[in-house]
Amino acid sequence: MVDKQQLIHFDSDYLCLAHPAIVQRMAEEVLVPHTGYGCDEISEHARQRIREVCGCETALVAFLTGGTQTNAVVIDALLASYQGVLGADTAHIGMHEAGAIEAMGHKVITLPSHEGKISAETVDSYMKVFCGDESWEHCAQPGMVYITFPTEYGSVYTLSELEDLHAVCKRHRLWLYLDGARIGYGLAAAGTDVTLKDIACLCDAFYLGGTKCGAMFGEAVVIPRAGIVSHFFTQIKRHGALLAKGWSCSLQFDTLLSDDLYFKITRYGVEMGQRLKEQLVQKGYRLLQDSPTNLLFFVLDNRQLTLWRRLATFDIWEKRADGRAIVRLVTSWSTREEEIRDFVAQV
């Protein structure tokens, strides 16, 4: 049996507990009492930091504990009970959240995607057909477009693509919601022309991912125009998502947003991913598609897969009829250079 402690881990970007700066900050607060439910000074300071980096001084900012919970709460808060959400056929809410959105009463309506992205043209075409259907009132009414940045395949939307999605959403009165579980890695991708302020300007709601970007847990919801959702605090509570020790979550964002730490460590994670990708390609391994982020996808035959599994842990993304497998490797803020060197040397 392979000793997993001796393996190199490329499963995901939340395998280590937290960035040491967060652990140290938490240790300093262990015996300090704080007001509950995010109504404390640390939480307010963290909210203000987020408003500043997003360029939204009046934004509603709320802290939740995980991505699926955040998606379920935000989508349910923004949609009417009879509305559904449009997303890519590879969207996380449709593939890997165990029906959490449908459990809230909202149908996930999937659209064709390219490299994990949906286009404004695809959304526009769907809405024209939907609105032209005489029996549209018998169907789940689309009320939102859901995207991720980066996508499930590590690709990133360009500023032009986001602007086009923003425009088509306005035309059809749809909310535009961006899942930012890995937003730090998306913003650090080489060649991206999207900034956090662009996202805040073009999206009705989004979140800064913490769990996969150095935090022990936590996601920071940002609703730039706070007035579009009412009683959000109560809705969080209603979903069982209100953390009594809310400061334990906001403290992590307050730490990550000090001295640009959040962006430094996610930039490092992307650098490690690109280094791993380049070295594996040089050794003759085939990419499924290129990715400028920390998510890498390779096509392996059985011999290659067996070899890799002796050395590392990673996700099998897809098994093909010809026996080959699509595997996903993920680097992060905690990936060490020697891990990449050792892995590449042995494959």
Side-chain angles (χ1 to χ4, degrees), residues 8-29 42 45-54 61 63-67 70 148-151 154-156 178-192 194-200 206-222 248-279 291-296 314 328-341 343:
I8 300 167
H9 300 286
F10 294 124
D11 310 65
S12 194
D13 27 24
Y14 52 71
L15 300 179
C16 291
L17 180 65
H19 190 277
I22 289 176
V23 177
Q24 179 181 344
R25 180 89 183 273
M26 281 195 158
E28 294 168 356
E29 298 289 336
I42 293 176
H45 194 258
R47 290 188 191 98
Q48 194 52 38
R49 281 191 188 276
I50 291 169
R51 292 181 183 117
E52 289 171 3
V53 297
C54 294
V61 179
F63 301 100
L64 296 171
T65 58
T70 299
T148 56
F149 188 90
T151 70
S155 57
V156 291
L178 184 145
D179 180 328
R182 293 187 170 97
I183 197 170
Y185 300 111
L187 294 170
T192 185
V194 174
T195 67
L196 194 53
K197 291 182 179 179
D198 291 327
I199 290 171
F206 63 97
Y207 71 91
L208 294 180
T211 304
K212 295 175 180 176
C213 298
M216 190 180 300
F217 60 87
E219 325 298 335
V221 176
V222 181
S248 65
C249 184
S250 53
L251 173 145
Q252 298 181 68
F253 282 94
D254 195 49
T255 304
L256 286 170
L257 293 173
S258 299
D259 300 322
D260 207 35
L261 180 62
Y262 186 82
F263 302 103
K264 288 177 182 175
I265 65 175
T266 50
R267 187 161 54 245
Y268 169 83
V270 170
E271 289 171 359
M272 291 298 99
Q274 295 305 294
R275 185 175 303 181
L276 177 60
K277 177 184 74 174
E278 291 164 6
Q279 293 182 20
S291 164
T293 61
N294 66 322
L295 300 174
L296 310 174
F314 47 83
R328 185 188 75 169
L329 306 183
V330 186
T331 56
S332 75
W333 61 273
S334 62
T335 301
R336 301 192 305 275
E337 293 185 35
E338 55 266 30
E339 291 178 314
I340 292 175
R341 182 188 63 238
F343 179 69

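Each residue takes its place number in the sequence, starting with 1.
Between T293 and G154 the shortest heavy-atom distance is OG1-O, 3.0 Å. Summarising the geometry of L251 relative to E29, their closest heavy-atom pair is CD1-CG, 3.4 Å, with the distance given to 0.1 Å. When all heavy atoms of T211 and Y14 are compared, the pair lying nearest together is O-CB, 3.5 Å. Residue C249 comes nearest to G218 through the heavy atom pair SG-CA, 3.6 Å, listed as atom of the first residue, atom of the second, then distance. Here the closest non-hydrogen pair linking F343 and L276 is CD2-CD1, 4.0 Å. Contact detail for Q252 and I22: the closest heavy-atom pair is CG-CG2, 3.7 Å.
The structure places CG of D198 at 9.0 Å from CZ of F149, a figure rounded to the nearest 0.5 Å. Atom CZ of R336 is separated from atom SG of C16 by 8.0 Å, given to the nearest 0.5 angstrom. For the atom pair OG (S291) and CG (L329), the distance works out to 11.0 Å, reported to the nearest 0.5 Å. Taken from CD in E52 to NZ in K197, the straight-line distance is 9.5 Å, to the nearest 0.5 Å. Rounded to the nearest 0.5 angstrom, E271 CD and T266 OG1 are separated by 10.0 Å.
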- Task: Evaluate side chain to side chain contact (heavy atoms under 4.5 Å, CB included) for V61 paired with R49, printing each intermediate quantity in order.
- Result: CA-CA 10 Å; V61 179; R49 281 191 188 276; over 6 Å; no
Residue pair M26, S248: steps toward the side chain to side chain contact (heavy atoms under 4.5 Å, CB included) verdict: CA-CA 8 Å; M26 281 195 158; S248 65; 4.2 Å; yes
Exercise. Side chain to side chain contact (heavy atoms under 4.5 Å, CB included) between Y207 and D179: does it pass, once the steps are laid out?
Worked result: CA-CA 6 Å; Y207 71 91; D179 180 328; 2.7 Å; yes
Check your understanding: Stepwise, does the side chain to side chain contact (heavy atoms under 4.5 Å, CB included) test hold for Q48 with H45?
Key -> CA-CA 5 Å; Q48 194 52 38; H45 194 258; 5.7 Å; no
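A donor-acceptor pair under 3.5 Å links the side-chain atoms of S258 to the main chain of D254, judged by distance alone. A donor-acceptor pair is defined here as one N or O able to donate and one able to accept, closer than 3.5 Å; no such pair exists between the side chain of H9 and the backbone of D11. Under the 3.5 Å distance criterion, the side-chain polar atoms of T335 are matched with a main-chain donor or acceptor of S332.
Between H19 and Y262 the shortest side-chain heavy-atom distance does not fall below 4.5 Å. Taking 4.5 Å as the limit, every side-chain heavy atom of L296 sits out of range of all side-chain heavy atoms of F10. R275 has its side chain out of reach of T331: every pair of non-hydrogen atoms, C-beta onward, lies at least 4.5 Å apart. Within the 4.5 Å cutoff, side-chain heavy atoms of R47 are placed close to those of F63. Contact check for S334 versus L15: no side-chain heavy atoms found under the 4.5 Å cut-off.
Of the residues D259, I265, L257, the one that meets the side-chain contact (heavy atoms from CB on, under 4.5 Å) test with L261 is I265.
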N/O donor to acceptor pairs below 3.5 angstrom from side-chain atoms of residues 180-187, sequence neighbours left out:
{"unit_1": "R182", "atom_1": "NE", "unit_2": "D13", "atom_2": "OD1", "d": "3.3"}
{"unit_1": "R182", "atom_1": "NE", "unit_2": "D13", "atom_2": "OD2", "d": "2.6"}
{"unit_1": "R182", "atom_1": "NH2", "unit_2": "D13", "atom_2": "OD1", "d": "3.1"}
{"unit_1": "Y185", "atom_1": "OH", "unit_2": "K212", "atom_2": "O", "d": "2.9"}
{"unit_1": "Y185", "atom_1": "OH", "unit_2": "W333", "atom_2": "N", "d": "3.4"}

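Taking the ring pair (Phe, Tyr, Trp, His ring centres under 6.0 Å) definition, one finds that F206 meets it with nothing, sequence neighbours left out.
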